[in-house]
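The analysis underlying the following values was restricted to heavy atoms, covering all of them including side chains, and did not include hydrogens, waters or symmetry mates.
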Amino acid sequence: MAPPESDPVEPVTPAGRLFLLPEMNTIIHCAIGVKNKLDIDSTRSAIKNSLMLKHPRFCSLLVRDKNGREHWKKTDIDVDQHFIIVNKKTCAADDDVDKVVNEYIADLSVSTPLDMNKPLWEVHVMLEQKCVIMRIHHALGDGISLMSMFLASCRTASDPEAIPTLVTGRRPDYGKEGKQQDWRGVILRVLKMVWFGIAFSLEFVLRFLWVSDKKTVISGGDGVELWPRKLATAKFMIEDMKTVKEAVPNATINDVLFGVISSGLSRYLDHRSPKALKEGQQITGMAMVNLREQLSMQDLSEMLKNNSGSQSRWGNRFGFILLPVFYRKSDVDPLQHVGRAKTMIDRKKKSSEGHFTYHIGHLAMSLLGPKAAHILNYRVLCNTTFTFSNVVGPQEVVTMSGNPVTFIRVNTSSIPHALTMHMVSYAGRADMQIMVAKDIIPDPEFLAKCFEDALVEMKEAAAATV
């Protein structure tokens with residue numbers, strides 16, 4: 001139904017229109033574990049008073065005008081319509097809790113769309129597991145936006161009045177380094193940026209046209225987004241990643257992370273099909289990269305309270321980079337995975353691949369409409385093997401309504417990939433949610449262990465170099 005002319009409406013962003021297509025209908029699931037027993041009334045009250053309900057996107061209906069264009073229309077919120085109590089029995093063991101929560105989320109991912117007759121979010125409270133699951137349509141915002149909004153409603157455990165902060169890395173200022181002040185160094189960096197930008201952008205175009213990964217036991221494809229899912233969690237310690245980072249010159253945590261993915265996938269493929277792959281065979285992922293300037297929690301809190309800046313500082317602003325991973329036999333030096341990942345990531349940093357993919361998608365949406373943009377996105381997904389994202393969380397323990405948060409985990413609803421991995425770091429840990437099409441990858445728990453064992457082996461190899 002078209003909104004009355006007198007009602008204020010806000011156009012849905014191009015990325016939001018893409019996520020709202022029935023073919024995509026992408027939903028973010030954020031599982032938040034807490035230390036103490038959840039109280040229904042206090043949890044409901046916390047949601048009512050949260051900054052989330054002060055943001056116009058979360059108290060608006062999706063409506064379409066007479067031309068079929070999507071808009072957000074403000075409406076009154078009845079929290080009870082968005083509040084779902086889940087009674088699932090579990091044993092006392094932590095592993096059993098994780099299993100019950102993951103099974104519940106996996107079922108939600110393929111079988112339970114959000115109701116379009118109310119604002120596009122829900123809160124599922126799993127009382128027995130002491131876990132809150134936020135289901136938020138991707139049209140409302142990306143991972144960085146939603147993490148910032150969640151943390152703006154939290155407080156640090158050490159200071160109940162303090163808003164948590166996010167610490168993000170900064171790119172080095174090359175202009176201040178001796179030799180790189182030379183004009184020849186500047187020209188060389190510009191040439192590298194142009195070369196890698198053209199090369200990686202061309203590769204992305206070729207993926208859309210015809211270039212495709214060779215099929216393996218973890219490949220998805222057309223229609224796989226509708227297949228039943230399983231979900232497992234790989235758990236890492238940030239300190240272990242730092243130990244590995246120190247053993248590889250100039251490496252970063254992200255280099256270690258991509259090295260873990262390369263080693264873990266090689267381990268899993270070696271287990272499932274040891275004779276099917278050749279040494280060095282490429283498996284390509286789609287990695288999401290944030291293109292937005294980081295906000296402090298204090299700035300975000302003020303922005304939400306004032307309902308300002310929603311167009312320029314909120315929403316979905318991310319690009320994709322193609323992430324090549326190469327199959328290696330298990331007898332390879334584990335630190336070589338990190339070294340290769342560092343070389344690849346350094347080249348990606350010199351390119352504008354993320355910005356290129358963002359602007360190509362925006363241009364396709366503007367000129368051709370969401371269906372054409374979806375075809376472009378869908379073809380690239382079908383021609384690659386997995387999706388990966390990484391969201392930085394707070395370094396310190398935070399509380400939600402005074403209840404200490406024990407974990408923050410994120411995943412999204414199904415896409416044509418049979419394997420999606422979403423990592424969130426929090427308070428010295430990093431948990432990676434591994435969502436799989438269970439008829440293709442029946443043992444995601446073993447895959448999670450492959451990733452965990454890869455980091456352990458890298459840590460031991462790093463210790464041996466000291």
Side-chain angles (χ1 to χ4, degrees), residues 98 102 213-214 216-220 230-245 247-248 251-274 276-288 322-345 384-390 409-411 417-425 429-438 440-462:
D98 287 345
N102 284 342
D213 280 357
K214 182 180 178 181
T216 68
V217 294
I218 63 173
S219 298
K230 289 184 75 173
L231 181 63
T233 305
K235 301 176 183 179
F236 309 98
M237 299 300 296
I238 298 296
E239 198 59 40
D240 291 346
M241 291 186 174
K242 289 181 178 178
T243 299
V244 176
K245 176 177 77 75
V248 180
T252 66
I253 292 292
N254 271 341
D255 297 333
V256 176
L257 174 56
F258 291 135
V260 166
I261 291 173
S262 173
S263 178
L265 287 177
S266 292
R267 285 167 174 264
Y268 183 77
L269 290 168
D270 210 30
H271 168 75
R272 286 281 304 275
S273 55
L277 282 80
K278 295 180 180 179
E279 180 76 7
Q281 181 173 325
Q282 180 174 327
I283 305 160
T284 312
M286 293 273 286
M288 289 175 272
L322 293 174
L323 181 65
V325 170
F326 298 93
Y327 169 74
R328 305 290 178 186
K329 297 292 185 182
S330 57
D331 57 354
V332 171
D333 177 2
L335 294 181
Q336 287 185 16
H337 287 282
V338 181
R340 293 189 184 97
K342 172 179 166 47
T343 300
M344 181 268 295
I345 294 298
T384 52
T385 300
F386 65 90
T387 295
F388 177 78
S389 74
N390 181 25
R409 298 170 186 162
V410 170
N411 75 283
H417 284 154
L419 171 62
T420 63
M421 297 169 285
H422 299 275
M423 177 171 282
V424 177
S425 60
R429 287 174 41 186
D431 287 354
M432 183 164 70
Q433 293 292 80
I434 303 168
M435 179 77 80
V436 302
K438 66 181 184 180
I440 297 175
I441 304 175
D443 50 357
E445 295 84 6
F446 178 74
L447 178 56
K449 189 175 186 304
C450 287
F451 291 126
E452 293 170 348
D453 289 348
L455 180 58
V456 170
E457 194 173 79
M458 287 176 186
K459 181 184 175 183
E460 292 172 351

**Student:** Counting C-beta onward and ignoring hydrogens, is there a side-chain heavy-atom pair between L323 and M286 closer than 4.5 Å?
**Tutor:** no
**Student:** Measuring only between side-chain heavy atoms, which start at C-beta, is S262 closer than 4.5 Å to R340?
**Tutor:** no
**Student:** Taking ring-ring contact (aromatic ring centres under 6.0 Å, His included) as the test, write out the residues that go with F258, two or more places apart.
**Tutor:** F388
**Student:** If the test is salt bridge (charged side-chain N to carboxylate O under 4.0 Å, His left out), which one of D453, D431, D98, D240 qualifies with K235?
**Tutor:** D98
**Student:** Using side-chain heavy atoms (C-beta onward) and a distance below 4.5 Å, is V244 in contact with V338?
**Tutor:** yes
**Student:** For a 4.5 angstrom cut-off between non-hydrogen side-chain atoms, does T284 reach Q282?
**Tutor:** yes
**Student:** How about T233 and N102: does a side-chain donor come under 3.5 Å of a side-chain acceptor?
**Tutor:** yes
**Student:** Hey, are H417 and T384 close enough side-chain-wise for a donor-acceptor pair under 3.5 Å?
**Tutor:** yes
**Student:** Given side chains that start at C-beta, do those of R409 and V424 come closer than 4.5 Å, heavy atoms only?
**Tutor:** no
**Student:** Using modelled atom types and a 3.5 Å cut-off, is there a donor and acceptor pairing between side-chain atoms of S263 and backbone atoms of V260?
**Tutor:** no
**Student:** Taking C-beta and beyond as the side chain, do I238 and R429 meet within less than 4.5 Å on heavy atoms?
**Tutor:** no
**Student:** Does the distance from a Lys or Arg side-chain N to an Asp or Glu carboxylate O, for E239 and K459, drop under 4.0 Å?
**Tutor:** no
**Student:** Between the main-chain N or O of Q433 and the side-chain N or O of N411, is there a donor-acceptor pair closer than 3.5 Å?
**Tutor:** no
**Student:** Is any side-chain heavy atom of H271 less than 4.5 Å from a side-chain heavy atom of F446?
**Tutor:** yes
**Student:** Closest heavy-atom contact between I434 and A234?
**Tutor:** CD1-CB, 4.0 Å
**Student:** State which residues pass salt bridge (charged side-chain N to carboxylate O under 4.0 Å, His left out) with K242; sequence neighbours excluded, sorted by chain then number.
**Tutor:** none
